[in-house]
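Down below is the structure, laid out as structure tokens.
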Amino acid sequence: MLERFKMAPPDPILGLTEAFLKDSNPEKINLGVGVYKDNSNKTPIFNTVKKAEKILLEKEQTKSYLPISGSPEFCEQVQNLVLGKDNPCVLDKRVATVQTVGGTSALRVFADLIKTNIGSKKIWISNPTWENHAKIFQLAGFEIETYPYYNAETHDLDWDKMLSTLEAIPEGDIVLLHGCCHNPTGIDLNEEQWNTVANVIKTRGILPLIDFAYQGLGDGLEEDAKGVRIIVNNVPEVFICSSFSKNFGLYNERCGALIGVCGTSETCQKVLSQMKVVIRTNYSNPPAHGAYIVHTILNSEELRKEWEKEVQEMCTRIKSMRKLFVEKLKEKGVTQDFSFIEKQKGMFSFSGLTKDQVLRLREEFSIYIVNSGRINVAGITTNNIDRLTDAISKVL
């Protein structure tokens with residue numbers, strides 16, 4: 001039977017990393033995978049994470065299972081971080097939160113939850129979006145539709161087309177939005193646009209799902225949550241997928257959460273019960289270590305302040321690399337306008353490089369970029385930026 005299997009194509013991002021690792025060039029550069037790098041080109045462990053782990057090591061008394069929904073303390077802290085602890089939906093107990101195995105698992109738990117209980121079959125995702133979005137929902141049995149998002153000519157949001165498409169989405173369908181630091185374009189909605197989208201969603205009777213994987217890496221922890229909170233404060237039913245891979249550096253701990261905001265506290269309890277059913281039949285309960293780290297940091301006034309500073313330093317470094325990238329391209333004699341890169345937010349940038357140019361960078365210079373031209377700006381350092389911009393100048 002197994003001989004019927006066909007070889008699956010490599011993941012467009014993780015497969016790129018595999019090729020990078022096999023490359024023997026000592027000056028190779030990986031700008032494909034979505035992992036934060038410091039200026040020494042390492043993915044660091046936060047100082048606060050180390051401190052939290054030391055506390056846990058001293059206090060830990062058991063390795064017993066977590067509840068199906070995860071650590072209750074973690075779930076409470078996540079709600080407050082994403083929604084604000086004084087948000088009416090939190091105070092009214094209209095929020096159901098479960099810990100998940102990273103942000104990817106939160107997406108899949110949501111998909112199974114909706115398909116099982118509501119039967120919705122169609123989800124609308126931005127064009128472009130994170131490569132894995134469509135695959136997750138296709139395997140869960142959803143039809144995939146797209147709404148315009150990126151204008152390749154202006155390197156900006158295709159707002160008018162996006163809005164007209166959202167206004168035509170049928171009632172009962174799902175729309176997936178990026179809370180901040182849009183992956184892969186780095187282009188976010190402004191406050192006025194978020195309010196408009198919230199009104200359209202409410203009027204049309206659409207169920208919004210917000211992928212919120214980069215809180216803190218755009219403009220700041222509170223600033224990046226603005227769009228999420230606008231939707232939550234205007235739409236009675238919202239789901240949010242959170243990840244703590246980036247803003248806590250907990251990539252291999254697989255720590256995430258699925259938040260469901262409901263119309264009433266009674267509905268909230270029903271939703272939570274069904275979330276548990278989905279989790280129980282999938283991975284039974286989540287791993288503890290990452291959640292305990294997050295809770296320990298957020299629950300300590302001293303550690304939280306230090307953590308917020310660490311996140312802000314990441315945000316500042318990414319912005320500085322965007323600025324330096326644009327400046328260096330000009331220094332190399334590039335006349336093409338790349339100033340739009342400075343306006344984008346978060347780890348990723350749609351660089352405007354074509355597939356042919358990306359392939360030349362890979363083959364001739366050992367610089368690895370996703371075929372779409374998406375660059376992980378956090379992979380740029382003061383040590384590799386001259387080589388990077390020199391190579392780009394030669395393939396343009």
Side-chain angles (χ1 to χ4, degrees), residues 11-14 33-34 68-70 74-75 78-79 82 95-147 149 173-184 201 206-215 227-228 231-232 237-248 250-261 271-272 274-287 290-291 346-348:
D11 183 275
I13 297 174
L14 298 183
V33 68
I68 296 172
S69 56
F74 166 82
C75 291
V78 170
Q79 286 179 186
V82 173
V95 184
T97 302
V98 292
Q99 180 189 335
T100 60
V101 187
T104 305
S105 168
L107 290 163
R108 181 59 195 239
V109 170
F110 167 84
D112 290 341
L113 177 76
I114 298 304
K115 194 72 188 299
T116 303
N117 290 276
I118 299 177
S120 294
K121 295 181 179 179
K122 190 176 290 185
I123 184 166
W124 296 74
I125 59 179
S126 66
N127 181 23
T129 191
W130 179 46
E131 292 278 357
N132 217 17
H133 277 149
K135 294 176 184 176
I136 290 168
F137 286 96
Q138 282 171 345
L139 284 176
F142 281 77
E143 296 175 38
I144 310 296
E145 296 284 355
T146 61
Y147 58 88
Y149 194 85
D173 281 5
I174 300 160
V175 62
L176 193 158
L177 304 166
H178 295 233
C180 70
C181 306
H182 184 276
N183 181 3
I201 288 173
I206 308 166
L207 180 63
L209 170 65
I210 304 175
D211 195 345
F212 198 35
Y214 304 98
Q215 184 178 3
V228 173
I231 297 293
V232 166
E237 297 176 344
V238 183
F239 281 88
I240 305 148
C241 298
S242 279
S243 169
F244 302 98
S245 294
K246 277 73 178 180
N247 57 15
F248 279 87
L250 297 175
Y251 299 94
N252 66 12
E253 299 295 353
R254 309 307 299 133
C255 185
L258 176 62
I259 301 171
V261 179
V271 169
L272 180 60
Q274 293 295 337
M275 285 177 166
K276 291 178 181 179
V277 171
V278 171
I279 291 170
R280 178 60 174 156
T281 54
N282 189 326
Y283 53 85
S284 194
N285 41 42
M347 287 172 49
F348 302 113

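Note that the numbering runs from 1 along the sequence shown for the chain. Bear in mind the structure is a predicted one, so any value in this text is a computation, not a measurement.
- Across G290 and L250, no two heavy atoms sit closer than the pair O-CD1, 3.8 Å.
- Closest approach of C255 and A291 over heavy atoms only: SG-N, 3.7 Å.
- In this structure, F239 and L113 have side chains that are in contact, with non-hydrogen atoms separated by less than 4.5 Å.
- One finds the NZ atom of K115 at 6.5 Å from the NZ atom of K121 (value rounded to the nearest 0.5 Å).
- Contact of the R254 side chain with the S245 side chain is registered, since non-hydrogen atoms from C-beta on lie closer than 4.5 Å.
- Note that the CG atom of L258 and the CZ atom of F110 stand 8.0 Å from one another [nearest 0.5 Å].
- C241 has its side chain within reach of L209: a pair of non-hydrogen atoms, C-beta onward, lies under 4.5 Å apart.
- Proximity of N183 to Y214: side-chain heavy atoms (C-beta onward) are separated by under 4.5 Å at one or more points.
- From L177, atom CG reaches atom CD1 of I125 across 12.0 Å, with rounding to the nearest 0.5 Å.
- Closest approach of H182 and S126 over heavy atoms only: NE2-OG, 3.1 Å.
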For residues 98-107, tabulate all N or O donor-acceptor pairs below 3.5 Å that involve a side-chain atom, not counting sequence neighbours.
unit_1: Q99; atom_1: OE1; unit_2: S71; atom_2: N; d: 3.0
unit_1: Q99; atom_1: NE2; unit_2: P287; atom_2: O; d: 2.7
unit_1: T100; atom_1: OG1; unit_2: G102; atom_2: O; d: 2.9
unit_1: T100; atom_1: OG1; unit_2: G256; atom_2: O; d: 3.4
unit_1: T100; atom_1: OG1; unit_2: A257; atom_2: N; d: 3.1
unit_1: S105; atom_1: OG; unit_2: V101; atom_2: N; d: 3.4

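- Rounding to the nearest 0.5 angstrom, the gap separating the OH atom in Y147 from the OG1 atom in T129 is 7.0 Å.
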Step by step, work out the side-chain contact (heavy atoms from CB on, under 4.5 Å) result for I201 and V238.
-> CA-CA 10 Å; I201 288 173; V238 183; over 6 Å; no
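- Ring orientation note: the planes of F74 and F244 are nearly perpendicular, at an angle over 60° on the 30°/60° scale.
- Under the ring pair (Phe, Tyr, Trp, His ring centres under 6.0 Å) criterion, F142 pairs with F137, sequence neighbours left out.
- I123 contributes atom CD1, which lies 6.5 Å from atom CD1 of I144 (distance to the nearest 0.5 angstrom).
- Summarising the geometry of I114 relative to I174, their closest heavy-atom pair is CG2-CD1, 3.7 Å, with the distance given to 0.1 Å.
- The shortest non-hydrogen separation linking G70 to P286 is CA-CG, 3.6 Å.
- Looking at D211 and H133, their side chains come closer than 4.5 Å, going by heavy atoms from C-beta outward.
- With rounding to the nearest 0.5 angstrom, the CZ atom of R108 is 12.0 Å from the OH atom of Y283.
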